[in-house]
Number of protein chains: 2
Amino acid sequence: MQNSFTEENYLKIIHALSGRDGGEVSTNALAESTATRAASVTDMLRKLAEKGLINYKKYQGVTLTELGEKVAIKVIRKHRLWEVFLVEKLGFGWDEVHDIAEELEHIPSEILVEKLDAFLGHPRFDPHGDPIPDAKGNLMEPDYGVLTDVQLGEKVRMMGVLDHAPSFLQHLDRSGLTLGSLIEVKEINEYDRSASVQIDGGPTLFISLEVSKNVLVQRR
Amino acid sequence: MQNSFTEENYLKIIHALSGRDGGEVSTNALAESTATRAASVTDMLRKLAEKGLINYKKYQGVTLTELGEKVAIKVIRKHRLWEVFLVEKLGFGWDEVHDIAEELEHIPSEILVEKLDAFLGHPRFDPHGDPIPDAKGNLMEPDYGVLTDVQLGEKVRMMGVLDHAPSFLQHLDRSGLTLGSLIEVKEINEYDRSASVQIDGGPTLFISLEVSKNVLVQRR
DNA sequence: TAAAAAATTTAGACTAGTCTAAATTTTATT
DNA sequence: AATAAAATTTAGACTAGTCTAAATTTTTTA
């Protein structure tokens, strides 16, 4: 049984919204993320439940079934592999690939994914630092911290981003912050929780709370 | 105005069926190629005509407008570029790529196509020898002959195939016939128009009329 | 804990693309 | 040229996915 483009999107979004704990996702949250109305979401939820992809009781929110989780992770694997392809092979910027990968992720064919994966050298992370599920569907979520939680004087490594919006990624580019950057927190302003940080032992940078909140780092 | 997956498929098929001369395509022919019913085709034709993509008068068959031709050629360009990618980069066989390219060809994004084209080194032909339209939409159809038209004793170069069915392509693989093979016609059997041919000055091969009809060659 | 607010679901409707069956037009054949 | 056959179109209906408006359930709050 094949799942439609739309069904795959719902599963992917439910996966994203239910987070690490796999908690219930609300109808309204889905309506917002799918850019549809709550009524439409309800219809789709009934359908996904009938196909055994989600656990759904009226008014109670939804979680993925094991089957639904499997499908969602396959979509995520494809999305992230295509993003690697677009950046590494075609030369796109990390701020340009999301929408295209959003289309490519729904191309069927297991063998295509596996050949793509091999061609790319079995990458473990996508251009935004998000982990790529392996062929068996294992998704290892590294537990990075957020830059806001880093103490004064600490040195951390930038490993990913929470916000994938092009405007945010472009802002990071202009700031000289990229994956792998070594960040040392030199100063924290109590008032607005903005900070001054030194990048790779070089230039010092002023960072707003808004940015700090969305930068994932490895504390050592 | 974006064209749907389905609309693009109709345009591509109309292009293919109207041939070099751009002649009218019948409703029934479209029904057959799209694997739908004639009634469904009629509905779609009305829609495509309204969008200015085809010239359509009831009962008269259809041709592409300039706009429709442009859209069709873009789809063909994408299809053939993706086929090159699948074969050259991912290692698929030429018999395995059609269905996957059928999906990939509908991924929007002009820039994706152009970057893919550059990544592949601006190939002129796809893995089946079909010419790839350039970025401006020029499609240069080389005028190859068919192997059936080759005279006894002639030496020709294999340049393409008319049948793209996996079973046919696999048959060619098993026979040792690939694009670029030098074919010398050693013998023609009047009875069934089968032939014996020598490949690249090496082994001699028996070829049925059915195969000859579908092999495109360059006569020198 | 009852009323108000928020969230969710149901009812009925719309579009794209498809279908079958019937009607119509064109083409082929006596 | 009249009729039969083939091709095409129309009419009416169905599914997937969406919508608005109204009804219902849950949650919040006073």
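Lettering of chains follows the sequences in order, A, B, ..., and the numbering in each one begins at 1. Hydrogens, waters and symmetry mates play no part in the numbers below; they use all other heavy atoms, side chains included.
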Rounded to whole Å, how long is the line connecting atom CD of A:Glu50 with atom C1' of D:dT15?
13 Å
Quick one: sort the B:Phe85 and B:Phe119 rings into parallel, tilted or perpendicular, breaks at 30° and 60°.
tilted
Hey, can you pull the residues of residues 53-65 of chain B with a non-hydrogen atom under 4.0 angstrom from DNA chain D?
B:Tyr56, B:Lys58, B:Tyr59
Whole angstroms only, please: what is the CD-C1' distance between A:Glu32 and C:dA7?
14 Å
Considering non-hydrogen atoms only, spot the tightest contact between A:Glu96 and A:Gly93 and give its length.
OE1-N, 2.6 Å
Do the side chains of A:Arg193 and A:Glu190 get close enough for a salt bridge, i.e. N-O under 4.0 angstrom?
no
Are A:Glu154 and A:Arg219 within salt-bridge range, i.e. N to O under 4.0 Å?
yes
Does the side chain of B:Asn28 come under 3.5 Å of the side chain of B:Ser26 through a donor N or O and an acceptor N or O?
no
Whole-Å gap separating P (D:dA7) and CZ (B:Arg37):
14 Å
Please tell me which of the listed nucleotides, C:dT9, D:dT18, D:dT9, lies nearest to the side chain of B:Thr27?
D:dT9
Please tell me whether B:His98 and B:His79 form a close aromatic pair, meaning their ring centres lie under 6.0 Å apart.
yes
May I ask you to verify if any side-chain N or O of B:Ser40 is less than 4.0 angstrom from the OP1 or OP2 atom of C:dC19?
yes
Residue from B:Leu179, B:Val146, B:Val161, B:Leu147 passing side-chain contact (heavy atoms from CB on, under 4.5 Å) with B:Leu216:
B:Val146
Residue pairs passing the side chain to side chain donor-acceptor pair (under 3.5 Å) test where at least one lies in residues 9-18 of chain A, sequence neighbours excluded
A:Asn9-A:Lys12, A:Asn9-A:His106, A:Lys12-A:Glu102, A:Lys12-A:Glu105
May I ask you to verify if any side-chain N or O of B:Arg46 is less than 4.0 angstrom from the OP1 or OP2 atom of D:dT10?
yes
Counting only side-chain N and O atoms of A:Asn28, is one of them less than 4.0 Å from OP1 or OP2 of C:dA6?
no
Scan residues 4-14 of chain B against DNA chain D and write down, sorted by residue number, each residue with any heavy atom closer than 4.0 Å; if none is found, say none.
none
Return yes if a side-chain donor-acceptor contact under 3.5 Å exists between B:Trp94 and B:Asp126, otherwise no.
no
Distances under 3.5 Å only, N/O to N/O: pair up the protein atoms with those of nucleotides 11-14 of chain C.
none

Rounded interatomic separation in angstrom, taking CE from B:Met44 and P from C:dC19
11 Å
OP1 or OP2 of C:dA7 versus the side-chain N and O atoms of A:Ser26: is any pair under 4.0 Å?
no
Residue pairs passing the side chain to side chain donor-acceptor pair (under 3.5 Å) test with at least one member in residues 59-78 of chain B, sequence neighbours excluded, are B:Asn55-B:Thr63, B:Lys74-B:Glu110, B:Arg77-B:Glu114, B:Arg77-B:Asp117
From CG of B:Leu30 across to P of C:dT18 the rounded distance in Å is 12 Å
May I have the distance from B:Glu24 (atom CD) to D:dT8 (atom C1'), rounded to whole angstrom?
15 Å
Considering residues at least two apart in sequence or located in another chain, which fulfil the side chain to side chain donor-acceptor pair (under 3.5 Å) criterion with B:Gln170?
B:Asp95
